[in-house]
*Asks:* 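The structure's right below; bear with me while I get my questions together.
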Amino acid sequence: MRIPKRADPFAERRRTKSTITALSLKMALWKKVQCLPTETLNSLYPPTFPIEVRHYLASWLEEQPWDDLDLMDPTTEGKALILLSHIMNQLRRLAEHNHNIVERMRLQHIATNMTVYQMQPLQLVRAVQEILKRERSLLNQGNFPGLGVPGQLPQAGSPALSPAPSPLPAPSTAGGKQGDDRERHRAIERLALRVGEVQNCRKEIHHLQESMNWEKQNYDSLQAQAIQNSMLDQNLPESCNNLQNRIQQDEFKSQAFAEKRIQLIQEAVHTLEQTQQQVELHIQSWKRQQHLSTIGAPFSDNLSSLQNCCEQLLTINIQLNQEMIIAGRESGAEPFREQQEKLALLLKTLIHTQGLQTLQKPSHTVDKQPPQVIKTQSKFSTTVRFLLGERMNSGKPAVVKAQIITESQARNLSQPGSLTENVGELINNSAILDHNASTKSTSSTFRNMSIKRIKRADRKGSESVTDEKFALLFSSEINITGCDTAYNIQVISFPIVVIVHGSQDNNALATILWDCAFSEMDRIPFVVPDRVSWQQMCDTLNTKFMSEVQTPRRLDNDNFRFLAQKIFDEPDISGDFQNRMVSWSQFNKEVLPGRGFTFWQWFDGVMELTKRHLKNYWTDRLIFGFIGKQYLHLLLQQSEDGTFLLRFSDSEIGGITIAYVTTTDTGSRQILNIQPFTKKDLEIRSLGDRIQDITFIQFVYPNRAKNEAFNKYYTVMPNKNNGYLQATIHTKVAGEQSSSRMGNGGGAPSTPSPLPSDLDHQTQMNLHTPFNTARPFNPPAFNREPISSRMGNGGVSSAPSPLPSETPREPPTQMNLAQINDIFFPHPGQFQHPFVNPMLYNQLPYPGGPQQDVHMQNNPPMQGVLEPFPEQGQAGAHYHSLDLPPPTDWEFVELLGGDASRMDTDNFQLPQ
C-alpha cells in the first residue's frame, strides 16, 4: 500500500520567498548600474533605446527572457513584436499617470520613437541583449562607488555574465534618425533662445540709451541751474553728481550689453552653422534612405520635420542678420562683417542650390522620384517639393521646369555652358509650385510627363544602352519673403535608365539595383564601385527578395552559400565566400557557365515566379529554394523513399523543381529531379495541386507528411449539378512506375508514359498509343462508352460509363493492316492502297442512316488534315498521320453494316 506523502506547509512560503529574492536580485542590477559614472551611462544606451526606458521599466525588462531569444529563429520576430508592444504600452501608461508635464511629454516622445523597431523588431532584441550584457560586464570589472566589493555581482539568482563585453550594435538607420531629429530640434530651440537673448540685449541697450538721454538732459538742466543759482540751492551740485553717476552706470551697462550682444551673435552664428550642417546631413540621410527604398529598404517619406527645421533655420538666419544690421548702425562701425558673410553663405546654402551640390541641399527635394527605368513614349509622374514654401513670396508664383541630362552633364552642372546640349525631349515638363495650406507643403507635381526621344552617347567595349544613366534636372526661380534677391534653385533626380523595348527592362533593373545598393551618400554623379563585398551583395539580395515577394521570410545561410557557388562558379560547399568580392560583370555581364543568362537574370526570374505563384509556400517554409545539387544529395540520401523538397531550378529562368529520393531495382539510392514548373505551368495548375497529383512523393524533407504540409493548398472541386460532366486537369510524371516501390496511395503501378519527355511535367491528356500502320493492331475490349470519351479529351477525366462493367474475357485476336483493309473493303480491287486510316470511315456509305460529319481538326491532339479517299487506281496518295485511338468493336460492327444494338458482346469475334 502506497502511503500518501504529507504536504509541506512551508513549500509555498519558500517558493514565494525565492521568487521575491530573485526579483530583488534582478532589481539590484539596475540599482548598481545607476552608480556607474555618467560618461559610462551615456555610452551604454543608444538614442533608439534611451536610459529613461531602462529606468522606468527596469524590473519588467530584467524579468523577460532576452538571452533565450535566438535571432536566427524565425519565431523570434513575432516574440520581439510582442515585447515591443508591451514596452510602448507601458511607456504610454506611465505618461498618462505622470503629473509632471515635462516627464509626460518626454515619455510620450520616447514611446513614439520606439515605433522605429516595428520594421525591424529583431534590432530591439539585439539592442537589449547587448545592453544587459554590457551592464553586467561593467559591474563585474569596475570598482565604482556604491557597488560594494569590486568584481562581484549579486549572489545566486543573478543573471550569468558574458565572458567579455561585446560592443553595442550600431543603431538602426531609422532609429538613429529619430534620435538625431530630436537633438536637432533641441539645438534649434536653444538657437532660438539665443536669438531671443540677442533681441533682449538690443532692447536693454535701447532702454538704457533712452534712460541716458533723459538723464543727460536733466543733468544739463541742473548744471545750468547750478551756475545761475549756486548761492541759493546747496543741493544742486549733489544732484548733478548723482545724475552723472547714474549716466556713467547706464553707459557701463550699455557697454556690457553691447559686448554681450556681440558674443551672443557670434555664438548664435556658430551654432546656426553647426545646426544647419546637421540638417544637411539629415537631408542626405533621408535621400539615401529614399534611394535604398528602391530595393526594398524601409523608408519614411514624411518631410514635415525637415521642413520645420529648414523654415526655423531660415527665420533665425534672417533675424540674426537684422540684429547685426541694427547693431552696426548703432555702433557706427562694422563689427559683424565676418558674421554677416557667414550668414549670407548659410542663407545661400540653404536656399540657393547650384551645381554639383544640388544633391545635398535641403530646401529643394524630389519628394516622389520618377521611375528609375523609363520606357520612351510612356507616361510617368514625379513630385518636387520646396521645403521653404511657407516663406515663399505668394505674389510671384514660381514655375518648375524639367529637362533630361546625362551623367556627364550632372557632374559638370557648376560649369557654365554644361547644359547647352539637349540630349532628350520631355513632354509636359513644366508645373506650378503650389502651396497646400492643409498639409503646409509647397510642391510641383508632373502627372503626365513622357520622354519623347533620347540621344545616347557613344558606347565603348561591352557597354550597352542599359548601362547608360540619365537624370531629370528641375530648375526654378524662387522669391523669399524677407530676402531682396531671387534665387535660382536646382535639384536632380536619382539616376534613371531609358529603354525603348520591354526586353531591356531586366538589364536596366540590374543597373539601377547596383547603383542604389552600392553608391555612396555624397558621391559624384553617378559613380559606383565596380566591385563590392559578398556580404554587401547578400544584404542587397535579401532585401530585394523580401521586398519584391512581400514576405517576412529572409534568405538563410544555406541560400547564400548556393548563390555564392553560382555567381563564383565554385561548387565546393565547404568554401568560405564571406571575404570575396563580386564584380559588376559577374552580377549581370558574364553569362553563367553552361547557361545563356546572367546571375541577375536568373535571380530576377526566381523573384518573379515566387512573387506571382509561390509567395505563401515560401513564407510557410515549404520551399527550400536556393540549394545546389551537391548539398541536395547530402540531405536526401539518408531520407525515406518518397521524401522530396522544392528547389529553384538551376538551369532555367523562373522555374521550380521537385527533387525526391527513391530506390532503384538494384537497391541503390537515387535522387531524381522532375522537370521544372514555370510561371506558365503554375498558371494552368497550382503547385499544391501538382504535388497532390504526384502520388509517389510522400514526405516533405525532412519527414513531414505531404498532405499535412500542403493540404491547405489543395483545390477542392465544387459539386455542381449544371448538366455538364466535370472536367479536371491532372499532372503526370514520366516513369511513375517507380512509385510502386514507394507506395502510390494504394494504386496499381503506373505504366511509362508514351508521350515525349518534354511533356513529362505538363498536364497530359488521357491519350492511347496513336494508330500506326507500322505495328500490328490489337483491337481493344468491347466498350460501350462513346468514342469521344477515348479520343484525347483535352486532359479531362471523363465520367464513368453508366453501363455495367464487362466481365473479363480472352484478349481479341490481333490484326494486321491487310486484315483491317479486308474488313473495310471486302471486294478485291475496290481499294488497292496499302495505307488505310480506319478513322475516315465517315467517307464510306453504310446502311442505317446518313453519313456523319466528324470534325476532328478541333481536337488539339489531332494533327494533320483530313483528306478524302483517293479514287480507285489513284497512285501516290498520301495520308497524314492522325494521333487517334483505334475504333472499338461497336464501331466495327456499324461500319460493316451490322446492327450494333443487338451484338452478342460475350461471343463477339472479328472476322478472320
*Asks:* Using distance alone, with no hydrogens and no angle criterion, decide if Q312 and N308 have a side-chain donor and acceptor under 3.5 Å apart.
*Replies:* yes
*Asks:* Are the side chains of R190 and R194 in contact, using a 4.5 Å heavy-atom criterion?
*Replies:*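 No. Closest side-chain heavy atoms not under 4.5 Å.
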*Asks:* Is the closest basic N to carboxylate O distance between D301 and K368 below 4.0 Å?
*Replies:*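 Here D301 pairs with K368 in a salt bridge, since their nearest N and O are under 4.0 Å apart.
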*Asks:* Side chains of Q372 and T294: is there a donor and an acceptor less than 3.5 Å apart?
*Replies:*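 Indeed, the side chains of Q372 and T294 share at least one donor-acceptor pair under 3.5 Å.
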*Asks:* For R202, is there an ion pair with E323 - N to carboxylate O distance below 4.0 angstrom?
*Replies:*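 The answer is yes: the pair qualifies as a salt bridge.
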*Asks:* Quiz question: by atom type and distance under 3.5 Å, do the side chains of S304 and N302 form a donor-acceptor pair?
*Replies:*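 A donor-acceptor contact under 3.5 Å links the two side chains.
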*Asks:* Any side-chain donor-acceptor pair under 3.5 Å between S438 and N436?
*Replies:* yes
*Asks:* Answer yes when R261 and E197 have at least one side-chain N-carboxylate O distance shorter than 4.0 Å, and no when they do not.
*Replies:* no
*Asks:* Without hydrogens or angle criteria, can the side chains of E63 and S59 be said to hold a donor-acceptor pair below 3.5 Å?
*Replies:* yes
*Asks:* Can you confirm whether the side chains of H282 and Q278 place a donor and an acceptor under 3.5 Å from each other?
*Replies:* no
*Asks:* Will you find, in the side chains of T551 and T619, an N or O donor that is under 3.5 Å from an N or O acceptor?
*Replies:* yes
*Asks:* Assess the side chains of R447 and T382: does a donor N or O sit below 3.5 Å from an acceptor N or O?
*Replies:*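 Absent: no donor and acceptor within the cut-off.
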*Asks:* Would you mind checking if R136 and D67 are paired as a salt bridge, meaning a charged N to carboxylate O distance below 4.0 Å?
*Replies:*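 Yes, this pair counts.
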*Asks:* Do H364 and V384 come within less than 4.5 Å of each other through their side chains, counting heavy atoms only?
*Replies:*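 Yes, their side chains come closer than 4.5 Å.
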*Asks:* Under the ring-ring contact (aromatic ring centres under 6.0 Å, His included) rule, collect the residues that match up with F49, sequence neighbours excluded.
*Replies:* none
*Asks:* Pairing donors with acceptors under 3.5 angstrom, does anything connect the side chains of Q284 and E280?
*Replies:* no
*Asks:* Return yes if a side-chain donor-acceptor contact under 3.5 Å exists between E259 and Q263, otherwise no.
*Replies:*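 The answer is no; no qualifying pair exists.
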